[in-house]
Engineer: 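Encoded as structure tokens, here's the structure I'll be asking about.
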Amino acid sequence: MMDDLRERLCALAEPDYQKFSLSLVPGAEMLGVRLPALRKLAREIASGGAIAFLEEQAPAVYFEETMLRGMVIGTMRVPLAERLEWTKKFLPQIDNWSVCDSFCASFRVLEEEKSTVWDFLTPYFAAEAPFSVRFAVVMALDHFLDGDFVDRVLAKLQEVQCENYYVQMAVAWCLSVAVAKYPDQTLPLMRSEFWSEAVLRRAISKCCDSRRVPAETKESLKLLREKL
């Protein structure tokens, strides 16, 4: 299956897109397959033969192969407990922000499953592997930044100690969206001592770039940045 799949991926590759993608994910062994094509292929695999595809688990050579595995895990229709087990096995394979974020975006979280998925995520906010931490943060951003979970998300963000650039960027991104959606809960925390200067500066910059953050909020955050 893996050889046939690799042939299909090679057939979908675009040299110009490969060059562009490598500028975003330097050092990746990349073919240059666009995300819509990967998503279509992932849906095809997920609809029949997902477990056989995952159980083969031949070492991925290309970025797209790892991306595809994450998309299949995120979208396949199996009991949640089984999907979380595959997620646990997949996380050590994530070594860049793009695979991490696409995996999170593809991950189906049904409303009735949210508490279970949240309980699964929480240990990863303190994981040793940076991209496992980013996984927890981006999952929180994509699926849990709502009225029922926002306070829990903000509490877990305060516990993140990882100084990896990609983790700090994810925390800043999540904070900026929380400011836009839930300013009453988030703005007081922005003025606390929970955050490193790097995270706070990046979060403020993202807020200032956002069209969803009111002008007066941006001005107050700029004043906060001047005091750092």
Side-chain angles (χ1 to χ4, degrees), residues 1-109 117 120-121 123-125 127-143 162 164-167 169-170 173:
M1 180 185 290
M2 202 64 189
D3 289 341
D4 292 342
L5 183 62
R6 192 166 290 161
E7 286 184 12
R8 292 184 66 179
L9 290 172
C10 288
L12 292 167
E14 300 178 32
D16 288 344
Y17 187 71
Q18 178 196 43
K19 184 177 180 180
F20 166 73
S21 298
L22 283 170
S23 70
L24 300 177
V25 191
E29 190 71 30
M30 190 177 293
L31 293 168
V33 181
R34 294 180 183 271
L35 283 177
L38 285 172
R39 292 191 189 104
K40 182 178 179 180
L41 186 53
R43 287 194 297 269
E44 178 185 325
I45 296 169
S47 65
I51 299 302
F53 165 75
L54 293 170
E55 284 179 342
E56 186 172 307
Q57 283 294 299
V61 173
Y62 296 107
F63 163 91
E64 286 86 354
E65 292 172 347
T66 306
M67 179 78 83
L68 191 60
R69 287 177 183 173
M71 289 178 173
V72 170
I73 292 168
T75 56
M76 65 182 184
R77 295 184 179 276
V78 296
L80 178 61
E82 188 173 352
R83 193 139 56 93
L84 294 180
E85 281 301 310
W86 282 111
T87 298
K88 193 181 300 183
K89 295 175 184 178
F90 179 67
L91 288 179
Q93 300 174 41
I94 300 176
D95 61 1
N96 64 75
W97 67 268
S98 184
V99 168
C100 177
D101 294 7
S102 292
F103 178 45
C104 294
S106 71
F107 203 101
R108 292 173 61 250
V109 181
V117 176
F120 173 81
L121 288 180
Y124 289 105
F125 285 93
E128 292 186 9
F131 285 107
S132 291
V133 183
R134 184 175 173 108
F135 160 75
V137 175
V138 177
M139 281 289 289
L141 168 61
D142 285 350
H143 303 289
C162 182
N164 177 275
Y165 169 80
Y166 293 101
V167 172
M169 286 297 291
W173 178 21

Engineer: Once rounded to the nearest 0.5 Å, what's the spacing between atom CD1 of Ile73 and atom CG of Leu68?
Structural biologist: 10.0 Å
Engineer: Taking all non-hydrogen atoms of both residues into account, name the closest pair between Ala42 and Thr75 and its distance.
Structural biologist: O-OG1, 4.4 Å
Engineer: Does the pair Ile51 and Val78 meet the rule for a side-chain contact (heavy atoms from CB on, under 4.5 Å), with working shown?
Structural biologist: CA-CA 9 Å; Ile51 299 302; Val78 296; 4.3 Å; yes
Engineer: Please table the atom pairs, donor to acceptor, closer than 3.5 Å between any side-chain atom in residues 98-107 and protein atoms at least two apart or in another chain.
Structural biologist:
unit_1	atom_1	unit_2	atom_2	d
Asp101	OD1	Arg134	NE	3.0
Asp101	OD1	Arg134	NH2	3.4
Asp101	OD2	Arg134	NH2	2.7
Ser102	OG	Ser98	O	3.2
Ser106	OG	Ser102	O	3.3
Ser106	OG	Phe103	O	2.9

Engineer: Please name all residues satisfying side-chain hydrogen bond (donor to acceptor under 3.5 Å, both in side chains) with Asn96, sequence neighbours left out, ordered by chain then number.
Structural biologist: none
Engineer: Between Tyr165 and Met169, is a side-chain contact (heavy atoms from CB on, under 4.5 Å) present by the stated rule, with each step listed?
Structural biologist: CA-CA 6 Å; Tyr165 169 80; Met169 286 297 291; 3.6 Å; yes
Engineer: List the steps and the verdict of side-chain contact (heavy atoms from CB on, under 4.5 Å) for Leu54 and Lys89.
Structural biologist: CA-CA 10 Å; Leu54 293 170; Lys89 295 175 184 178; over 6 Å; no
Engineer: For Tyr62, which residues count as a ring pair (Phe, Tyr, Trp, His ring centres under 6.0 Å) partner, sequence neighbours excluded?
Structural biologist: none
Engineer: Taking all heavy atoms of Ala60 and all of Thr66, pick out the closest pair and write down the distance.
Structural biologist: CB-OG1, 3.4 Å
Engineer: Between atom OG1 of Thr87 and atom CG of Leu91, what is the distance when rounded to the nearest 0.5 Å?
Structural biologist: 6.5 Å
Engineer: Working to the nearest 0.5 Å, report the span between CE of Met76 and CD of Glu82.
Structural biologist: 5.5 Å
Engineer: Is it the case that the side chain of Ser21 and the backbone of Gln18 share a donor-acceptor pair, with hydrogens and angles ignored and the cut-off at 3.5 Å?
Structural biologist: no
Engineer: With side chain to side chain donor-acceptor pair (under 3.5 Å) as the rule and sequence neighbours excluded, what pairs involving residues 44-53 come up?
Structural biologist: Arg8-Glu44
Engineer: For Glu85, check side chain to side chain contact (heavy atoms under 4.5 Å, CB included) against everything at least two apart and list the hits.
Structural biologist: Lys88
Engineer: What donor-acceptor contacts under 3.5 angstrom involve side-chain atoms of residues 28-36, with partners at least two apart or in another chain?
Structural biologist:
unit_1	atom_1	unit_2	atom_2	d
Arg34	NE	Glu14	OE1	3.0
Arg34	NE	Glu14	OE2	3.1
Arg34	NH2	Glu14	OE1	3.3

Engineer: What is the minimum heavy-atom distance between Leu121 and Ala140, and which atoms define it?
Structural biologist: CD1-N, 4.5 Å
Engineer: Would you mind reporting whether Trp173 and Val138 have side-chain heavy atoms less than 4.5 Å apart?
Structural biologist: yes
Engineer: In Å, rounded to the nearest 0.5 Å, how long is the span from CD of Glu65 to CD of Gln93?
Structural biologist: 11.0 Å
Engineer: Test of understanding: with side chain to side chain contact (heavy atoms under 4.5 Å, CB included), list the residues that count as partners of Leu80, not counting sequence neighbours.
Structural biologist: Arg83, Leu84, Glu113, Thr116, Val117
Engineer: Can you tell me how far the CZ atom of Arg69 sits from the CD atom of Glu56, to the nearest 0.5 Å?
Structural biologist: 8.0 Å
Engineer: Atom CH2 in Trp97, atom OH in Tyr166: separation rounded to 0.5 Å?
Structural biologist: 8.5 Å
Engineer: I want to check something: taking the side chain as every heavy atom from C-beta on, are Ile45 and Leu41 in contact at a cut-off of under 4.5 Å?
Structural biologist: yes
